[in-house]
Amino acid sequence: MTLDNKISNLISLLGGTGQVAHHLNIKSSAISNWKKLNKIPKNKYNSLIELSNHLNIDINSFLNTNNLNTMNLNKNINVLLIICGGIAAYKSLEIIRLIKKTEIDLDIVMTKSAQQFITPLLVTSLNGKKCYVELFSVEDESKMNHIHLARKPDVILISPATANIMAKLACGIADDLASTLLLATDSKIILAPSMNPIMWNNIATQANYQTLVNRGVHFVDPEKGDMACGESGTGRLAEPKLIFNTLLSHLKKKNVLNNNLDGISVIVTAGPTIEDIDPVRFVSNKSSGKQGFSIASELADRGALVTLITGPVSIPLPKVNKIIHVKSAQEMFDKTFSELPTTIIICAAAVADWKLIPELNNSIIIDNNNKIKKLKNNNSILTFKTIENPDILASVAQTKERPKLVIGFSAETENIINNAKQKLISKKIDLIIANDVSENKVFGSDYNKVFLIDKDSCEEWDSQNKKNIAFKLADKINNLLS
Ligand code: C5P
């Protein structure tokens, strides 16, 4: 995207070359280069937007991205915002402001306790439309009954969401307008929780969180930091801009907003591979396939044509265009190459690095077709020769049919960032997602904590559900391609 000679001004606005380089964790010379070329690499847009949000500066006119006036509406879009009672209720005013800049039709419901923090009159005047507060209102019911209010929205956003509304939604309690609407809807629900850190970490809240995630509710997780109540920990409402962007991504996913992953071809590799030693024994690893499957599913939901190539796993299969089941690394290699060319490849599989070939020291030949027997002759020693498997990711990145975007994973137990960066360079890929797999923190778990590393920067994402990671990665891919 060309930026009409504005890059120098933009950098000055954000605090100058040194400041921007420091915040983006890149060299000042890179910024000087942007100024010279009057161009910013697209993969830096997100970091710049984050910095501008932090400084409260609107840079949309510079980046011409997320430009709400050019947003392509495929139909009349309706969003229902539910504001619950919490100190962060005032931040919902900023979310209303962001939504009002678009052509999205917005309805708003406030719970009783939300009205202790901000008034319905304020919300009504910002939205230019009546704000709903009561379940049993003769006047409201005659104009728009609450079932219609529940059925109308493309997405329901609850922000801030309290522990109380999470508990009610998880249990199916409908004792006020907000909770009744949530029970009567089949729209996508996004929750942006905000609460005291002890309430957030309470076993009941965490159990409700997990129940809701498993039912398909999307969370914009609360952030770590100092709370208004004076305590610190995880519980602070995510930034309104992030909540708003998540809302937009869901509208794109529903195809009511134009989605630039429509029709884009993607290969995702996932799960472990298995290397047979004999007909009953094998070597493999602990990969569950959950992260790769979440990514495949998320990209397919956003219109991408996804081919999932998976090793043996025991989790439900996602809805994607094509699923190819493989066992060994060599099979995964062959099937991956037979699916090229594609625009994107994401290698999330934990591919076995070696095949193990059994050998006996006393030149007795091992019969490959039968189970290896226990050794009766004490002079015999069974050993294994290793043969390295082909590196699928590195080979795809260096083939003539190289996808436009090559993304790999790096499971590490030490020096996570450095090791991952080395792999990014040696395998010649565009982005690597590194995670710490020591102490079984990741394999099989629903959660992951990752670093996203490209040649210029390293982003740290807090521990979160693997589905959330997939969601944010899809947003990132969207930005990298646009
Ligand atoms: O070198 P290492 O195995 O740590 O690299 C991890 C990344 O490389 C992952 O994205 C994995 O899917 C990919 N890989 C591969 N083929 C191999 C080994 C790893 O595609 N044989």
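Residues: numbered from 1 along the sequence shown. In listed order, ligands and their atoms are each counted from 1. Both backbone and side-chain heavy atoms feed into the values below; hydrogens, waters and symmetry mates do not. Remember, predicted model here, so these are calculated numbers, not experimental data.
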Among all the protein's non-hydrogen atoms, which is closest to [atom], and how far away is it?
{"atom": "atom 4 (O) of ligand 1", "result": "Lys423 NZ, 2.4 Å"}
{"atom": "atom 11 (C) of ligand 1", "result": "Ala349 O, 3.2 Å"}
{"atom": "atom 3 (O) of ligand 1", "result": "Asp353 OD1, 3.7 Å"}
{"atom": "atom 16 (N) of ligand 1", "result": "Ile392 N, 3.0 Å"}

Nearest heavy-atom neighbours spanning Glu414 and Asn419: O-ND2, 3.0 Å
CA sep, side-chain torsions, deciding dist, call: Ser12, Asn9, side-chain hydrogen bond (donor to acceptor under 3.5 Å, both in side chains): CA-CA 5 Å; Ser12 313; Asn9 293 347; 5.2 Å; no
Should [X] be counted as touching ligand 1, given the test is an N or O pair under 3.5 Å?
{"X": "Ser410", "value": "no"}
{"X": "Gly408", "value": "no"}
{"X": "Val351", "value": "no"}
{"X": "Leu393", "value": "yes"}
{"X": "Phe409", "value": "yes"}

Point-to-point distance, once rounded to the nearest 0.5 Å, from CD1 of Ile309 to CZ of Phe337: 10.5 Å
Distance, nearest 0.5 Å, that separates NZ of Lys241 from OG1 of Thr246: 12.0 Å
CD1/Ile387: more than 12 non-hydrogen atoms of other groups inside 6.0 Å: yes
Ligand 1 atoms in contact with Pro390 (distance to a heavy atom under 4.0 Å): 16 (N), 17 (C), 21 (N)
Option whose closest heavy atom lies nearest to atom 8 (O) of ligand 1, chosen from Met332, Gln422, Glu412, Lys427: Lys427
Flag, side chain of Arg215 to backbone of Ala170, donor-acceptor distance under 3.5 Å: yes
Trp354 vs Phe384, ring pair (Phe, Tyr, Trp, His ring centres under 6.0 Å): CA-CA, chis, key distance, verdict: CA-CA 11 Å; Trp354 306 282; Phe384 294 92; over 10 Å; no
Geometric cation-pi criterion Lys449 and Trp461, 6.0 Å radius, 45° cone: no
contact_flag Val396 ligand 1 heavy-atom lt 4.0 Å: no
